[in-house]
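These notes concern the structure reproduced below.
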Number of protein chains: 2
Amino acid sequence: MAAAVVVVIFTVRDGQLSVLLIERAAAPCRGQWALPGGHLLKDETLDGAAIRKLANETGITDVFLEQLYTFDRLGDGHADVVVTYFALVDLMRTRLRSDLEWRPAWHSVRTLQPLAFNNERVLDYASGRLRSKLQYTNVAYSLLPSRFTLTQMQRVYEAIMGEPVDKRNFRRRVVGLGIVRETGTTLKQGASRPAMLYEFTRHEPMTL
Amino acid sequence: MAAAVVVVIFTVRDGQLSVLLIERAAAPCRGQWALPGGHLLKDETLDGAAIRKLANETGITDVFLEQLYTFDRLGDGHADVVVTYFALVDLMRTRLRSDLEWRPAWHSVRTLQPLAFNNERVLDYASGRLRSKLQYTNVAYSLLPSRFTLTQMQRVYEAIMGEPVDKRNFRRRVVGLGIVRETGTTLKQGASRPAMLYEFTRHEPMTL
DNA sequence: CCAAAAGTGTTCTGACTACACCCATGC
DNA sequence: GCATGGGTGTAGTCAGAACACTTTTGG
């Protein structure tokens, strides 16, 4: 009986908001999918454990990662309280573990089977928080490569909000309010034509 | 070593945002002031423990009470993680415990001596969250009696925000956006003259 | 030639800001 | 009569929403 940490890791994968789940290879809930998590190591902080879990599963460290909520009664008899975190990663930077057992995989949050340990509660809470944070912060910086076109960025917003966005209004907002800036360079491989590339003016979490 | 719960209980007391503190009567940190808190009882939920603590200290139960953040390393050797909550109460409804030992008392958050267990960190975090929640929710319902004048309500907003507010703009906003409604009745004892009384349209936490 | 993505302006509306004076009552 | 608190209107600014077409390139 001790505190456990669970991390909700989001990415956007061809237009779908997706979450990293792990197939349980042991009881309880063997064979079901669950959020990555576990107990704190000796002398480890909560943030430290979350960072470690994220790095283990995706190989990434320098991304948006924030405490979400602390649950009890999540159905795992081993933990009395579960401190949850959520993280946002750019799919292109991740290298998932490829173990056959405890296999991690991305799942669209739209089409989701029931999860182990009431993890749906955690996931719903995280999705809501992500949507509301997207409205007034620059958190999306962590879901995109360092340079990107505004259309890419708009796709990310649409995937999270679940509805289409007006292109011109979107551009005005993010450029006009200084969330992103042009990054001079204008070539991109495989695109339908040359395009302006942008970068976030800040690469840290920021409340606008 | 187990989870503990701490509750930041705010009120507004003659124009000052104030917090309920308890004078510690035993080591560690004997004689210093600390936020009310303690360990979970057997089979108690986190929310349950927070409700119990709030009721113990103030006698109130049906108010705004929400989980805030989970800290570690707060300096109390007894708890590995501390799950904090914050609550908003109407001073008029509270009846503080009057024990001589472990005495509870209201302290303005402006003029505050150092607290036990790094409780300043918790209090700063709670103050910030309160300010930001006040912008886009009706949380103030819990700081006022069920019927009140708009001037009373404005005083509460000013105490929390720490700056004066334009009276006419304030009225337009809260009435126009349907946060409060007139409650017909127009008499009030001890007031300088008859006045319109208002009530919140909803008495539950609500995101606008 | 067709599909896919980049780029671009105007108009309307609703919300927020700033700002100053009168009235009734209790003391 | 004065201090306290209740009550009221206007004009300016800014952000957000709605709205459609052209260009280029790759396949």
Side-chain angles (χ1 to χ4, degrees), chain A residues 12 14-16 92 131-132 134-138 140 144-145 147-199 201 207-208, chain B residues 12 14-15 92 131-132 134-138 140 144-145 147-159 161-199 201 207-208:
Chain A
V12 174
D14 43 53
Q16 298 277 304
M92 293 294 86
R131 269 193 299 278
S132 62
L134 196 65
Q135 317 263 1
Y136 59 96
T137 66
N138 70 340
L144 285 161
R147 301 158 87 217
F148 50 86
T149 66
L150 287 190
T151 305
Q152 284 180 294
M153 183 176 174
Q154 186 177 337
R155 297 274 172 279
V156 166
Y157 272 66
E158 289 171 332
I160 294 171
M161 290 305 164
E163 58 188 12
V165 167
D166 181 86
K167 192 198 292 203
R168 287 164 293 183
N169 293 337
F170 181 76
R171 283 161 184 256
R172 245 198 315 276
R173 220 180 41 240
V174 298
V175 179
L177 302 190
I179 299 168
V180 297
R181 88 167 79 89
E182 297 186 355
T183 182
T185 330
T186 28
L187 274 181
K188 176 144 175 291
Q189 199 53 272
S192 71
R193 70 167 197 165
M196 179 63 73
L197 291 180
Y198 291 83
E199 63 186 358
T201 53
T207 299
L208 299 180
Chain B
V12 174
D14 42 54
M92 294 293 86
R131 268 193 299 278
S132 64
L134 196 65
Q135 318 263 2
Y136 59 97
T137 66
N138 70 339
L144 285 162
R147 300 158 85 219
F148 49 87
T149 65
L150 288 191
T151 305
Q152 285 180 295
M153 183 175 173
Q154 186 178 336
R155 296 276 172 278
V156 166
Y157 272 67
E158 289 171 333
M161 290 305 165
E163 58 187 14
V165 166
D166 181 86
K167 192 199 290 202
R168 287 164 293 186
N169 295 336
F170 182 75
R171 283 160 185 256
R172 247 199 312 277
R173 221 183 35 243
V174 299
V175 179
L177 302 189
I179 298 168
V180 298
R181 87 168 80 91
E182 298 186 355
T183 182
T185 330
T186 27
L187 275 181
K188 177 141 174 295
Q189 199 54 273
S192 71
R193 71 166 197 165
M196 179 62 73
L197 291 180
Y198 292 82
E199 63 186 358
T201 53
T207 299
L208 300 180

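A/Glu163 has its CD atom 14 Å from the C1' atom of D/dA18, to the nearest Å. Note: CZ (B/Phe170) to P (D/dG9) measures 19 Å, nearest angstrom. Following rounding to the nearest Å, A/Ile179 (CD1) and D/dA15 (C1') show an atom-to-atom distance of 13 Å.
Here B/Phe170 pairs with B/Tyr157 under the ring-ring contact (aromatic ring centres under 6.0 Å, His included) rule; sequence neighbours left out. Qualifying ring-ring contact (aromatic ring centres under 6.0 Å, His included) partners for B/Tyr198, counting only residues two or more places apart in sequence or in other chains: none. Every side-chain contact (heavy atoms from CB on, under 4.5 Å) that B/Thr137 has, sequence neighbours left out, goes to B/Lys133, B/Val139, B/Thr207. Here B/Arg147 pairs with B/Thr183, B/Thr185, B/Leu197 under the side-chain contact (heavy atoms from CB on, under 4.5 Å) rule; sequence neighbours left out.
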For nucleotides 7-9 of chain C, tabulate all protein N/O to nucleotide N/O atom pairs closer than 3.5 Å, reporting atom names and distance.
from	atom 1	to	atom 2	distance (Å)
C/dG7	OP1	A/Met196	N	2.8
C/dG7	N7	A/Lys167	NZ	3.0
C/dG7	O6	A/Lys167	NZ	3.3
C/dG9	N7	A/Arg172	NH1	3.4
C/dG9	O6	A/Arg168	NE	3.4

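Among pairs with a residue in residues 172-186 of chain A, those fulfilling salt bridge (charged side-chain N to carboxylate O under 4.0 Å, His left out) read A/Arg181-A/Glu199, at least two apart in sequence or across chains.
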